[in-house]
Amino acid sequence: MRFWDSSALVPLLVEQRETSPMLELLAQDRAGAFWWGTPTECASALARLRREDVLDADAVATARQRLDDIAAHWMEVLPGDEVRRTTDLLLRRHPLRAADALQLAAALFFFAGVGGIFVTLDARLAEAAEKEGLTPRP
């Protein structure tokens, strides 16, 4: 099972340059996990793409349905004190934005210190994940 960052999920929702490699990763293991805030981050990305006229209303509706399907079948890491404490530590150790630190903290909580695959397209987040013992992909 892999933990998916929002940056890696969006190409599963809408056709982008990164869609093919993300679909290949998904085909290797269809089970996934994500942070509680990931659907909101994905909705934000879709809204931005709509405002920029990259997507029309039908494409956004299709993408939202794909997101709902993913959320219904994958594991979701909910907010909690341990995730919050870990986020605080990560913000002191790495140059991350708050949402990125929350996602990484949720992944660390999910994998419970035994390592795991963290799927992200964000280079800074991938570097921090690797330093924290996770294996970033792609």
Side-chain angles (χ1 to χ4, degrees):
M1 182 175 290
R2 294 175 167 97
F3 191 96
W4 289 71
D5 168 50
S6 302
S7 68
L9 272 175
V10 172
L12 296 177
L13 308 177
V14 296
E15 185 68 33
Q16 296 183 332
R17 180 174 36 97
E18 301 88 357
T19 296
S20 183
M22 293 303 98
L23 286 172
E24 287 176 24
L25 280 175
L26 182 63
Q28 294 170 12
D29 183 0
R30 299 206 58 86
F34 61 92
W35 168 55
W36 168 85
T38 294
T40 301
E41 286 196 319
C42 290
S44 173
L46 295 173
R48 179 183 50 79
L49 292 170
R50 178 68 184 114
R51 283 191 308 274
E52 294 172 354
D53 287 326
V54 174
L55 298 177
D56 63 20
D58 289 341
V60 171
T62 299
R64 286 183 166 274
Q65 183 58 54
R66 287 181 184 145
L67 179 59
D68 290 345
D69 291 344
I70 287 170
H73 295 96
W74 286 11
M75 297 185 70
E76 179 178 7
V77 176
L78 299 175
D81 290 340
E82 187 172 343
V83 171
R84 187 179 301 114
R85 281 190 300 273
T86 302
T87 299
D88 186 53
L89 290 171
L90 292 170
L91 289 168
R92 287 185 262 148
R93 286 187 209 161
H94 308 286
L96 297 173
R97 289 178 233 114
D100 290 338
L102 282 161
Q103 289 204 64
L104 181 52
L108 292 168
F109 176 81
F110 178 75
F111 290 120
V114 296
I117 296 174
F118 185 78
V119 185
T120 184
L121 296 172
D122 182 313
R124 185 179 357 185
L125 187 51
E127 182 180 340
E130 188 168 36
K131 288 179 179 177
E132 294 296 329
L134 299 178
T135 303
R137 291 283 185 268

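The basis for the numbers below is simple: all heavy atoms, side chains too, and nothing from hydrogens, waters or symmetry mates.
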Review point. Measuring from Glu41:CD to Asp100:CG, what's the distance to the nearest 0.5 Å?
Key: 6.5 Å

Review point. Is there a side-chain contact between Ile117 and Gln28, using heavy atoms and a 4.5 Å cut-off?
Key: no

Review point. Any chain of hydrophobic side-chain contacts (each under 4.5 Å) joining Leu104 to Met75?
Key: yes

Point to revise | Flag if over 12 foreign heavy atoms under 6.0 Å of CE, Met1 | key: yes

**Study point:** Which residues share a salt bridge (charged side-chain N to carboxylate O under 4.0 Å, His left out) with Arg30, sequence neighbours left out
**Key:** none

Practice item. Check whether any side-chain heavy atom of Leu89 lies under 4.5 Å from a side-chain heavy atom of Arg85, and answer yes or no. Key: no

Point to revise | Exam field: side chain Thr62 to backbone Asp58, donor-acceptor pair closer than 3.5 Å | key: yes

Check your understanding: What heavy-atom pair brings Val83 and Ala105 nearest, and what distance separates the two atoms?
Key -> O-CB, 3.5 Å

Exercise for review: To the nearest 0.5 angstrom, please state how far the CG atom of Leu78 sits from the CZ atom of Phe109.
Suggested key: 8.5 Å

Point to revise | Asp69 bridged to Arg66 by N-O distance under 4.0 Å | key: no

**Study point:** Qualifying residues under salt bridge (charged side-chain N to carboxylate O under 4.0 Å, His left out), relative to Arg48, sequence neighbours excluded
**Key:** Glu52

Check your understanding: If only atom types and distance count, is the side chain of Arg137 paired as donor or acceptor with the main-chain N or O of Val119 below 3.5 Å?
Key -> no

Check your understanding: With hydrophobic residues grouped by side-chain heavy-atom distances under 4.5 Å, do Leu121 and Leu26 end up in a single group?
Key -> yes

Point to revise | Rounded distance [0.5 Å steps], CG in Leu55 versus CG in Leu49 | key: 5.0 Å

Review point. Mind checking whether Leu12 and Trp4 have side chains closer than 4.5 Å, heavy atoms only?
Key: yes

Revision key, fill the gap. The reported gap from CG in Asp122 to CZ in Arg97 (rounded to nearest 0.5 angstrom) is 5.5 Å

Review point. Is a side-chain donor-acceptor pair under 3.5 Å present for Asp5 with Ser7?
Key: yes

Exercise for review: With the side chain counted from C-beta on, respond yes when Leu46 and Arg50 share a heavy-atom pair under 4.5 Å apart, and no when they do not.
Suggested key: no

Check your understanding: Would Asp88 and Arg84 pass as an ion pair if we require N to O under 4.0 Å?
Key -> no

Point to revise | Plane angle bin for Trp74 and Phe34 - parallel if under 30°, tilted between 30 and 60°, otherwise perpendicular | key: tilted

Exercise for review: May I ask you to test the Trp35-Leu102 pair for a side-chain heavy-atom distance under 4.5 Å?
Suggested key: yes

Check your understanding: Can you name the closest pair of heavy atoms from Phe3 and Gln103 and give their distance?
Key -> CE2-O, 3.6 Å

Check your understanding: What are the two closest heavy atoms between Leu67 and Cys42, and how far apart are they?
Key -> CD2-CB, 3.8 Å

Point to revise | Between OG1 on residue Thr120 and CG on residue Leu9, distance to nearest 0.5 Å | key: 10.0 Å

Scan the side chains in residues 127-136 for donor-acceptor partners under 3.5 Å anywhere in the protein, sequence neighbours excluded, and list what turns up.
residue, atom, partner, partner atom, Å
Glu127, OE2, Lys131, NZ, 3.1
Glu132, OE1, Arg93, NH1, 2.8
Glu132, OE2, Arg93, NH1, 3.0
Glu132, OE2, His94, NE2, 2.6

Practice item. State, yes or no, whether a side-chain contact exists between Glu18 and Val10 at a heavy-atom distance under 4.5 Å. Key: no

Point to revise | pair Leu96-Leu125: side-chain heavy atoms closer than 4.5 Å | key: yes

Practice item. Specify the closest pair of heavy atoms between Glu76 and Trp36, including all atoms of both residues, with the distance to one decimal. Key: OE2-CD1, 3.3 Å

Exercise for review: Please confirm whether the backbone N or O of Pro11 pairs with a side-chain atom of Thr19, one donor and one acceptor, at under 3.5 Å?
Suggested key: yes

